[in-house]
Amino acid sequence: MSDHVASGRMHVSILGPIQLRRDGVLVPLGPQLTTLLAILLLELGKPVPSRRLATLLTGDDVSDAARATLRSHVAHLRRALEPGERGRRDKGLIATVGRGTAAGYRLDLDPACIDAVQFEESLREGRRLLTFGDAEQADRAAAILRTALDHWHGEPYADLADKPFALAEIARLRAVHRAALLTYAEAINGLGRHAEAMGDLTGAVAADPYDEGLRCMLALTLYRDGRIDEAAEVCRQGLALLGRRGIDASELHALQRDILRREVRQPVGGSAGRPSVPRMLPPDVPCFVGRAQELSRAEARLTDRDEQRSAILLVLGPAGVGKTSSSLRLAHRLAPRFSDGQLYANLRGFDATAAALAPTEVLRVFLEALGVAPEQIPTNLNGQIARYQAQLRDRRILIMLDNAHSADQVRPLLPCSTTCVTVVTSRNRMSSLIAVDGAHPLTLGLLDEGEAGQLVRDRIGTDRAGKEPEAVSEIARLCAGLPLALSIAAARAAANPQFTLRSLAGDLAGAGVLDRLTDSDSSVDVRAVFSWSYQALTPAAARLFRLLGLHPGPDFTAASAASLAGLSRRTANALLAELTGAHLTQERVPGRYVLHDLLRAYAGELSEAEPERQAARRRLLDHYLHSAVAADRVLMPYRPPVAVVAPEEGVTPEDIAEVDPLAWFTVEHQTLIAMVDCAAQAGLDRHAWQLAWATATYLGRGSYWHDVLTTQSLALSAASRLDDRSAQAQCRRELSHALAGLGRPEQARDQLHRALADLADVADPIGQAYNHLSLGWLYELQGDRRAAIHHDRVALDLFRRGGDRSGQARALNAVGWDYAQVGNYRQAIGYCRQALSLHAELSDDAGAVNTWDTLGYAYHHLGEYGIAVECYEQALCLNVGHRFKEAEALAHLGDCHHALGDMAAAANSWGRAYAIMTELRIGGAEAVRAKLELTRTSLPAVGHAEGERRALRTAPSIRSPAK
């Protein structure tokens with residue numbers, strides 16, 4: 001334990017009652033501040049949403065009183081942590097993150113100030129010292145671990161023992177304490193000071209009498225201290241207790257037998273004579289492609305003599321990704337450095353035809369390979385481990401453990417010698433091997449496009465591949481970069497030289513891609529290889545994997561997976577951790593998961609026979625519909641809502657209050673489009689048109705007109721099947737915006753007139769008003785200002801009759817814009833001022849953006865450029881995510897700066913506008929570019945002013961669909 005940290009400025013104790021000390025003096029904290037500190041410690045360095053903190057502290061996450069109470073508690077805790085440092089919301093130990101309802105708090109405390117962190121560091125150091133295998137280092141390890149154990153003052157987070165949010169961390173720290181106790185006992189026993197470990201072990205067994213490992217260590221310690229009868233009694237009591245629970249404690253049985261026979265062996269040295277030099281590595285893999293950077297980093301980790309060196313490399317990845325071939329390539333590169341030999345075992349952790357190898361089986365093989373006579377090999381696991389460690393001491397041996405299933409299968413096979421290295425491959429994460437044993441993880445992903453193509457070319461020959469390079473690329477893409485799939489496809493091509501590569505690619509692209517990647521040898525059958533990982537899952541995780549085959553999006557969140565399976569998010573997170581650990585899904589970025597194309601196809605096959613297939617798909621669509629509607633309401637709060645049916649039981653939509661809705665739409669963009677199609681295909685027509693409705697605001701703001709056209713076409717068909725005239729009119733209106741955005745105004749106008757016809761039979765003046773407003777915009781876009789003002793005035797009248805104040809504000813702005821277009825600027829300003837009053841009354845920033853832009857346009861043409869600049873800057877300030885409107889305001893702002901003679905500011909605004917307009921392919925981009933060129937080139941002195949005027953006159957006015 002680091003004394004200088006404990007006596008420094010800050011020290012936090014969580015191994016027992018939670019305590020805060022500053023300069024060695026206890027800082028008193030009440031129950032609420034203690035709980036708040038604990039929650040922030042559990043998420044150290046990560047922002048914790050204020051709503052979650054309020055819920056955990058008060059049970060209320062929405063009331064003003066709960067928020068005020070939380071702010072008060074945070075302020076008091078800040079003062080307790082840093083007296084005298086007031087008002088530092090973003091730079092102190094407790095930082096405020098975000099704003100408004102999405103705000104949260106983050107604790108930025110140095111981890112070295114926390115006693116649990118120091119405890120785990122002591123455990124790691126103790127384990128490291130024990131690997132040296134000599135008495136001096138073992139004595140140092142024992143001293144470090146003894147000091148650490150003495151600082152353990154009771155149950156971790158003792159104040160929160162009944163709080164569900166702390167249980168997982170409490171359980172983890174208990175496991176760390178157990179590991180420290182066993183490591184300390186191992187060190188003490190190795191030094192022959194058995195009695196020193198007795199007290200801790202006796203107390204630990206009394207606290208957890210069913211822990212077989214602790215009981216075995218206590219019995220061994222008693223035996224080595226000469227107290228043989230007591231050791232046997234500890235075993236007998238344990239076997240009786242465990243037997244009542246139906247647990248077959250084989251290790252304890254074997255130890256009891258050896259104790260009664262007086263045959264428990266002490267650790268021994270190597271066998272006499274010259275040791276054997278094993279050479280067990282399988283041959284290197286021919287035609288190996290890629291992984292150059294990964295293997296170089298791994299080689300450095302295993303061989304460099306610096307602090308980053310690790311004696312264990314854990315090679316991880318999904319089935320078929322090439323873990324064994326990559327590890328063999330690495331092992332053969334390293335073999336010359338390990339002159340005392342190489343050990344290899346296929347642990348068969350995922351073998352469908354044979355049981356996984358037990359450590360005792362592997363140890364017997366390894367001991368014989370190391371020169372130990374069969375009759376000298378101990379029969380029990382502990383004895384074999386001791387003999388194995390003795391054989392490896394001071395020898396330079398490389399050990400490769402292939403296809404491991406769990407850390408428990410691997411740990412007995414790890415050497416305790418710093419001169420040896422171990423390479424382990426697994427489909428499972430085996431986090432404890434990383435956390436406790438210091439293994440360095442190397443996760444192999446799919447091959448990139450170039451590497452995948454190279455693998456195919458190497459297998460079929462460069463001459464044949466060179467004749468059809470596009471087909472090679474297509475084969476690589478269809479195999480998703482998975483080396484096993486690529487190898488099977490290439491082997492099929494090599495075995496059938498009469499087939500063109502294009503025909504083979506077309507065969508793969510057809511239905512049933514997994515059927516084309518099969519073989520009589522199940523070890524090279526993609527479907528069979530996937531099945532081995534799938535069959536090792538728990539039933540709940542296997543069910544979730546099957547259901548994920550129904551998800552049509554490119555990736556998914558834990559929340560959407562929870563809704564899909566009708567589970568709590570906590571349960572879904574646990575099952576996704578299992579799937580990720582088995583490499584049946586990948587957490588591409590924190591909180592977002594993905595299945596590569598072949599795993600998606602496999603999950604899809606499994607989902608075909610899933611009895612709850614329809615119910616799960618309905619839950620998934622409910623999840624995205626209710627999430628999208630909530631996000632749309634934040635982006636456009638005054639948009640007329642649709643009546644959405646309550647979600648199915650088990651659906652937990654995204655908490656949009658915790659995220660930025662625009663960012664959520666951006667991330668879920670492709671998934672939402674796929675969901676509209678999914679709903680239409682499943683015959684869930686209400687979901688189809690309402691999902692399209694919920695995405696329209698976001699897609700329109702980004703000018704994703706092709707996506708609007710796709711989704712609204714599907715939505716219109718769905719609404720027609722439902723014979724819902726209002727829904728059909730809504731879809732046609734959104735379709736008209738997309739058609740106009742794509743340069744098809746006649747078709748857009750036709751959709752709007754048909755929408756008005758749909759609404760003729762239903763009493764929906766607000767729907768009619770919005771359609772007239774869109775017609776006004778469309779006619780204005782085509783230069784028919786008389787028709788534009790007619791429809792905008794009709795819209796204003798309908799909004800007034802329907803009592804829609806937000807719609808009135810938009811129509812007032814539209815009429816104002818119409819007057820500005822015909823030169824009635826003062827009249828335009830009057831309408832816009834009315835609109836702004838309504839927007840302010842309603843806090844409708846989205847609507848105010850257009851009105852400020854119209855005002856800027858009117859003031860600009862009145863020659864009041866300074867006021868116009870202020871108006872455009874207001875529009876830009878209030879705009880959130882609407883790229884079209886941003887380009888519009890920037891283009892007009894550049895005009896104002898130019899009129900004021902500020903060429904630098906004009907160039908900046910026009911440059912930004914041109915970039916957006918070019919990206920979105922907005923009409924008028926070239927006119928803005930022409931203006932921009934005026935600021936970058938020198939015109940001849942004669943005609944300079946007239947040239948500028950001509951350029952400015954060529955720039956047409958642009959308006960967004962929503963005025």
Side-chain angles (χ1 to χ4, degrees), residues 120-121 123-133 137 280-282 284-285 288-318 321-345 347 349 389 392-404 406-407 409-448 451 483 580-581 583 586-587:
E120 292 188 69
E121 178 58 34
L123 173 57
R124 283 191 290 271
E125 179 62 9
R127 285 183 176 276
R128 188 186 71 82
L129 292 171
L130 284 178
T131 62
F132 290 97
Q137 300 298 348
M280 298 177 69
L281 285 180
D284 197 2
V285 180
F288 185 83
V289 171
R291 312 298 190 197
Q293 292 184 352
E294 293 97 324
L295 294 183
S296 294
R297 287 197 299 269
E299 186 172 2
R301 277 281 186 174
L302 291 172
T303 58
D304 285 359
R305 298 182 179 277
D306 57 23
E307 295 180 357
Q308 297 299 315
R309 182 183 183 275
S310 175
I312 308 169
L313 179 71
L314 181 57
V315 182
L316 303 170
V321 83
K323 299 179 295 295
T324 297
S325 58
S326 298
S327 298
L328 279 173
R329 173 56 57 101
L330 174 65
H332 280 280
R333 277 168 53 170
L334 293 172
R337 305 189 188 196
F338 293 89
S339 54
D340 293 322
Q342 302 89 43
L343 299 172
Y344 172 87
L347 301 183
Q389 301 295 355
L392 296 179
R393 189 170 295 124
D394 299 326
R395 297 178 69 181
R396 296 186 58 79
I397 290 180
L398 183 149
I399 303 155
M400 182 172 169
L401 305 174
D402 201 12
N403 291 314
S406 66
Q409 189 186 22
V410 168
R411 196 165 279 124
L413 308 176
L414 298 176
C416 286
S417 171
T418 58
T419 58
C420 299
V421 299
T422 308
V423 178
V424 183
T425 75
S426 181
R427 299 181 195 178
N428 289 339
R429 275 186 175 172
M430 297 199 288
S431 299
S432 68
L433 209 64
I434 300 168
V436 179
D437 299 280
H440 174 68
L442 172 64
T443 301
L444 299 181
L446 303 173
L447 296 178
D448 62 31
E451 293 172 333
T580 305
H583 290 281
Q586 178 187 357
E587 192 173 11

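Worth knowing before you read on, the calculation uses all heavy atoms, side chains too, and leaves out hydrogens, waters and symmetry mates.
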Using side-chain hydrogen bond (donor to acceptor under 3.5 Å, both in side chains) as the criterion, list what pairs up with Gln342, not counting sequence neighbours. none
Of the non-hydrogen atoms in Lys323 and Leu316, which two are nearest, and what is the gap between them? CD-C, 3.6 Å
Who are the side-chain hydrogen bond (donor to acceptor under 3.5 Å, both in side chains) partners of Glu294, not counting sequence neighbours? none
Can you check whether Val424 reaches Leu413 side chain to side chain, under 4.5 Å on heavy atoms? no
Across all chains, not counting sequence neighbours, the salt bridge (charged side-chain N to carboxylate O under 4.0 Å, His left out) partners of Glu587 are none
Taking Cys416's backbone N and O only, do any of them form a donor-acceptor pair with Gln389's side chain (distance below 3.5 Å, no angle check)? yes
From the list Leu123, Leu129, Leu130, side chain to side chain contact (heavy atoms under 4.5 Å, CB included) with Arg127 holds only for Leu123
What heavy-atom pair brings Val315 and Ser327 nearest, and what distance separates the two atoms? CG2-OG, 3.4 Å
Identify the heavy atoms of Phe338 and Val421 that sit nearest to each other, and give their distance. CZ-CG2, 3.4 Å
Just jot down the side-chain hydrogen bond (donor to acceptor under 3.5 Å, both in side chains) partners of Asp402, sequence neighbours excluded, or say none. Thr324, Tyr344, Thr425
Applying salt bridge (charged side-chain N to carboxylate O under 4.0 Å, His left out) to Asp437 and not counting sequence neighbours gives Arg411
I'd like to check the side-chain hydrogen bond (donor to acceptor under 3.5 Å, both in side chains) partners of Thr422; sequence neighbours left out, ordered by chain and number. none
Minimum heavy-atom separation for Arg395 to Cys420, with atom names? O-SG, 3.1 Å
